[in-house]
Structure formats: C-alpha cells, structure tokens
2 protein chains.
Amino acid sequence: MTNLRAKHKQDRNLRIVEAAAELFRRVGYEGARIEEIAGMAEVSVGTIYNYFQNKGEVLVAIVSMEVHEVLAAGLRIIAKPPKNVGKAIDALIATYIEHSLVYLSKEMWRQAMATSTQQPDSPFGKAYSALDRELANQTCSLIMKLQQQGSARGEIDARSVGELLFNNMNMMFIEFIKREDMTIKELLTAIHRQNRTLTLAIAK
Amino acid sequence: MTNLRAKHKQDRNLRIVEAAAELFRRVGYEGARIEEIAGMAEVSVGTIYNYFQNKGEVLVAIVSMEVHEVLAAGLRIIAKPPKNVGKAIDALIATYIEHSLVYLSKEMWRQAMATSTQQPDSPFGKAYSALDRELANQTCSLIMKLQQQGSARGEIDARSVGELLFNNMNMMFIEFIKREDMTIKELLTAIHRQNRTLTLAIAK
DNA sequence: TTCTAAACTTGAGTCAATTCAATTTCGGAG
DNA sequence: CTCCGAAATTGAATTGACTCAAGTTTAGAA
C-alpha cells in the first residue's frame with residue numbers, strides 16, 4: 001500500500017470541503033464554526049488550517065468546483081452556438097448564471113467574492129482569479145467562433161468585445177448576489193438590454 | 001446651548017473617522033487595532049461600535065468621502081466634454097481612476113469592496129452601492145450629453161451603453177486593485193482597448 | 001524487522017473584534 | 001434649580017478565528 005499518506009491527505013481534504021459545504025448551506029458562512037466543521041470532518045481545527053489558509057479559502061474551494069461545472073457547460077454552448085449573435089451571447093450568459101446558484105447561495109457567493117478580493121495573493125485568491133480569466137476567455141472564444149461561422153463581423157477585436165461583455169456580466173452578477181430580492185430573470189433581462197447596442201454593432 | 005448632544009456626536013464621529021484614516025494609511029487596515037483607533041479618537045471601543053457596525057464600515061465611511069470627490073470631478077468633465085466620443089469617455093474614466101488613489105491605497109480599496117460585498121444591507125454597504133449607482137448614472141449622463149452635442153448617435157440607448165461602460169471600468173478597477181503591480185497607465189490602456197468597438201459604434 | 005527523519009495532526013492557548021450590563025451625560029418638565 | 005428618563009458612553013467579558021509546540025504517523029534506508 002504505497003502512498004497511504006497521499007490517500008489520507010485526499011480523504012481529509014474531501015471530508016473538510018464536504019463538511020463545510022453542508023454547514024455553509026445549513027447555517028450560512030458566518031454561522032458555521034470552524035470547530036464544528038472540524039468535528040464533522042473528523043479532523044482537528046489545526047488540520048483545517050494545514051489544508052486551507054483561512055475560513056474564506058475553504059469556501060473558495062467550493063466555489064471552484066462550481067465554476068468548473070459552469071465552464072464545462074459553457075464549452076457545450078460554444079461548440080454549437082445559435083447563429084444569431086445576440087442569441088448566442090444570451091445563451092452563454094444564461095448558462096453561466098443559471099448554473100451559478102446550484103450549489104452556492106447568494107450569501108456564499110458574497111463571502112467568496114469578498115475573500116478573493118481581500119486576499120488576491122493567497123492560493124485560492126489566485127485560483128479564483130484564474131477561473132474568472134477562464135470564463136472571460138470562453139466569452140472571447142464565443143465571439144471568435146461567431147466570426148468563423150460568419151455571423152459576426154471579422155474586423156472587430158474579439159478579445160476586447162469578449163472582455164467587455166464578460167466584465168459587464170460579472171459586475172451585474174455581483175449586484176445580483178448583493179440584492180437578495182433580485183431574480184435570475186431580472187438579471188438576464190438587464191444584461192440583455194445592456195448588450196444590445198454592442199451586439200447590433202458586431203452582427204453581420 | 002441647545003443640542004450639545006448632537007454636537008458631541010458629530011465631533012466624535014469625525015474624530016473616529018480621522019483617527020482611522022490616519023492609522024489605516026500608516027499601518028494598513030489589518031494592522032490597525034480598534035483599541036488604538038479608539039485611543040487616538042479619545043473614545044472608548046464601545047463607542048466606535050455605537051457609530052459603526054464593524055471595522056469594515058469605518059473604512060467604507062472613508063471611501064465614501066473619496067468617492068464624493070470623484071463624483072465632483074466627474075461633473076466637471078460632463079459639463080464640458082471633448083467633442084470626440086472616444087476622447088470624452090476616456091477623459092471621464094481617467095478622471096475617476098486617477099482620483100481613486102489619492103487618499104486610499106489599493107489595500108484599503110480591497111478591504112472596502114470586500115466589506116460592501118459581504119454586508120450589502122448594512123448602512124454603509126447601502127451607501128457604497130448608492131455611490132456606485134451615482135457613478136454609473138454620471139457615465140450615462142455623459143453619453144446623453146454627447147448625444148445632445150451631436151457627437152453620438154441619437155438612436156442608441158444612452159443608459160444601456162453608459163451602464164456597460166461603467167460596469168466594465170468597475171470590474172477592471174477591481175482587477176487593478178487586486179494586482180499590486182498593475183499601474184494606472186496599464187489600466188487605462190486596457191479599458192480604452194475594450195471600449196473601442198463600442199465607441200466606434202456609437203460615434204456619429 | 002528496526003529505526004529515523006520528514007510530514008502530518010493535534011488542541012490548548014493567543015489575539016483582536018465585537019457585545020452588553022453598568023454607568024454617565026444631557027434635555028427639559030415641574 | 002432639581003430631578004427623571006432617554007440617549008450615549010464605557011471597558012471588562014465573550015467569542016471565535018487562527019497559531020504553534022508537542023506528539024503521532026509514515027516512507028523507506030539499513
């Protein structure tokens with residue numbers, strides 16, 4: 001039995017993340033005590049701090065799993081996007097946003113974003129930024145794909161446009177998670193309206 | 001001597017904010033102990049918590065002063081914007097961003113943004129959102145002004161375009177404060193590039 | 001098999017934000 | 001001028017995240 005050590009490590013890591021995910025969902029991020037997470041994961045408090053720099057990082061680890069699913073869903077849209085530029089962009093954005101609340105509550109998103117802003121250089125702060133960059137890249141890829149399909153003008157800079165669309169969506173998503181009463185539908189409608197001028201300008 | 005109570009209140013509030021501002025600047029947000037802020041302000045720890053819900057809110061109060069200055073500077077640009085659409089937008093954005101680091105360090109911005117995301121419903125969380133909205137409105141106003149001046153197409157939706165431009169800038173600003181090595185110049189160049197397709201589309 | 005050092009875990013202790021019951025101060029009615 | 005209750009202040013006590021010195025486990029060399 002080689003690498004018993006590595007196996008234990010993986011086990012403990014998983015147990016910590018799962019315990020935290022359940023507690024966060026049940027009592028919220030602030031309500032979850034590290035000591036209780038440790039108890040549920042059958043690990044000591046110190047061990048949690050051996051795996052994660054602080055409480056926020058445990059949450060960002062959960063976010064990271066969620067975003068990976070979002071990225072996978074995004075890939076499927078890009079593989080076969082609607083011909084119409086506006087519809088294609090709407091489809092990608094709707095996919096991102098509808099997937100975003102499957103595992104995470106608005107409160108969890110708020111905490112995760114706050115942590116990644118507060119500590120951009122911590123391991124998970126970096127991981128979070130990397131995920132954001134991947135999502136932005138995916139948005140740029142969609143624009144390029146639309147250019148290849150002949151539905152978007154070839155002369156526009158796909159990267160700039162993709163970043164602009166992604167940043168706007170991201171900022172609107174932040175507003176969305178800050179407002180407990182805002183619905184996904186309202187969010188999507190608002191973003192669609194904001195994008196309209198630009199999508200008309202890049203459509204062929 | 002009527003309203004001695006109100007006067008004391010105002011005095012203490014000011015002393016707390018000024019003490020905090022100095023300490024934050026000198027030792028950073030994390031390094032500033034509430035007890036020391038209290039000492040400098042000649043107030044007890046409890047009193048600080050009577051005026052502010054928590055440490056983060058003290059910082060957001062400082063940010064709020066800074067943003068009010070930014071808004072005033074923005075007004076001056078809108079009063080007499082460059083004729084060229086691209087130049088006008090660049091000018092407004094440059095004004096915002098160059099003013100943003102006068103009193104606040106990147107670290108202070110990170111903390112303030114984190115707090116306002118974490119606690120959107122606290123008094124200062126709301127104040128922060130309101131300021132953001134005012135800035136967005138100002139950006140929309142610039143677009144409308146450009147339409148009136150005849151430099152931007154009349155048929156575009158100024159509000160949508162303004163929000164899109166502002167949200168992109170805001171998101172880029174967040175990236176900027178997360179990266180200690182990124183310069184204002186780099187930031188402005190990146191935003192300019194992202195805006196180009198849209199500004200070309202709305203220019204007459 | 002036995003031993004050693006490196007890697008990992010542990011939980012009592014530290015530290016700093018936040019709370020709250022007791023105390024003080026203020027406005028104005030009598 | 002005196003006194004009462006509301007409003008504000010106070011700082012010792014509480015709370016909970018985080019640390020670190022001591023103890024335990026594992027890989028693999030002898």
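Keep in mind that what you see is a predicted model, and the values were worked out from it rather than measured. Atom set for the values below is all heavy atoms of this structure, side chains included, hydrogens, waters and symmetry mates excluded. Proteins get letters first, then strands, A, B, ... in listed order; numbering begins at 1 in each.
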Q | A:Q53 CD - D:dA17 C1' separation (whole Å) | A | 14 Å
Q.
In this structure, how many angstroms lie between the P atom of C:dA17 and the NZ atom of A:K55, rounded?
A. 17 Å
Q. What is the distance from CG of B:D11 to P of D:dA8, rounded to the nearest Å?
A. 14 Å
Q: Return the value, rounded to whole Å, for the distance between atom CZ of A:F52 and atom C1' of D:dA17.
A: 16 Å
**Q.** Atom-to-atom span, CD of A:Q118 to P of C:dA17 - whole angstrom
**A.** 13 Å
Q: With the side chain of A:Y49 defined as its heavy atoms from C-beta on, choose the nearest nucleotide among D:dA17, C:dT10, C:dT19.
A: D:dA17
Q: Name the closest nucleotide to the B:R33 side chain, picking from C:dA17, D:dT10, C:dC8.
A: C:dA17
Q) Which part of the nucleic acid does B:A38 contact within heavy-atom distance under 4.0 Å: base, sugar-phosphate only, or nothing? A) nothing
Q) Closest to the B:I34 side chain: C:dA17, D:dA17, D:dA8? A) C:dA17
Q | Atom-to-atom span, CG of B:N13 to C1' of D:dA8 - whole angstrom | A | 14 Å
Q) Out of C:dC8, C:dC26, D:dT9, which has the shortest distance to the side chain of B:Y51? A) D:dT9
Q) Does a side-chain N or O from B:S44 land closer than 4.0 Å to OP1 or OP2 of D:dT9, or not? A) no
Q: State whether B:R12 places a side-chain N or O below 4.0 Å from either non-bridging phosphate oxygen (OP1 or OP2) of D:dT9.
A: yes
Q) Separation of B:Q111 atom CD from C:dA17 atom C1', in whole Å? A) 14 Å
**Q.** Check: A:R12/A:N50 side-chain N/O donor and acceptor closer than 3.5 Å
**A.** no
Q: Before accepting this row, confirm whether a basic side-chain N of the pair A:E98/A:K185 lies closer than 4.0 Å to the acidic partner's carboxylate O.
A: no
Q.
Looking only at the side chain of A:H8 (C-beta and beyond, no hydrogens), which of the listed nucleotides C:dG11, C:dT18, D:dT26 gets closest?
A. D:dT26
Q) Which nucleotide in the list D:dT10, D:dA17, C:dC8 gets nearest to the side chain of A:N50? A) C:dC8
Q. Once you round it to whole Å, what is the distance between C1' of D:dA8 and CZ of B:R15?
A. 13 Å
Q. Taking the side chain of B:K9 as heavy atoms from C-beta outward, which of D:dT10, D:dA8, C:dT9 is closest to it?
A. D:dA8
Q) In terms of side-chain geometry, is the basic nitrogen of B:E180 or B:R110 positioned less than 4.0 Å from the acidic oxygen of its partner? A) yes
Q) According to the interplanar angle, ranging from 0 to 90°, do the rings of A:W109 and A:Y128 count as parallel (below 30°), tilted (30 to 60°) or perpendicular (above 60°)? A) perpendicular
**Q.** Interatomic spacing from CE in B:M172 to CD in A:E163 - rounded to 0.5 Å
**A.** 6.5 Å
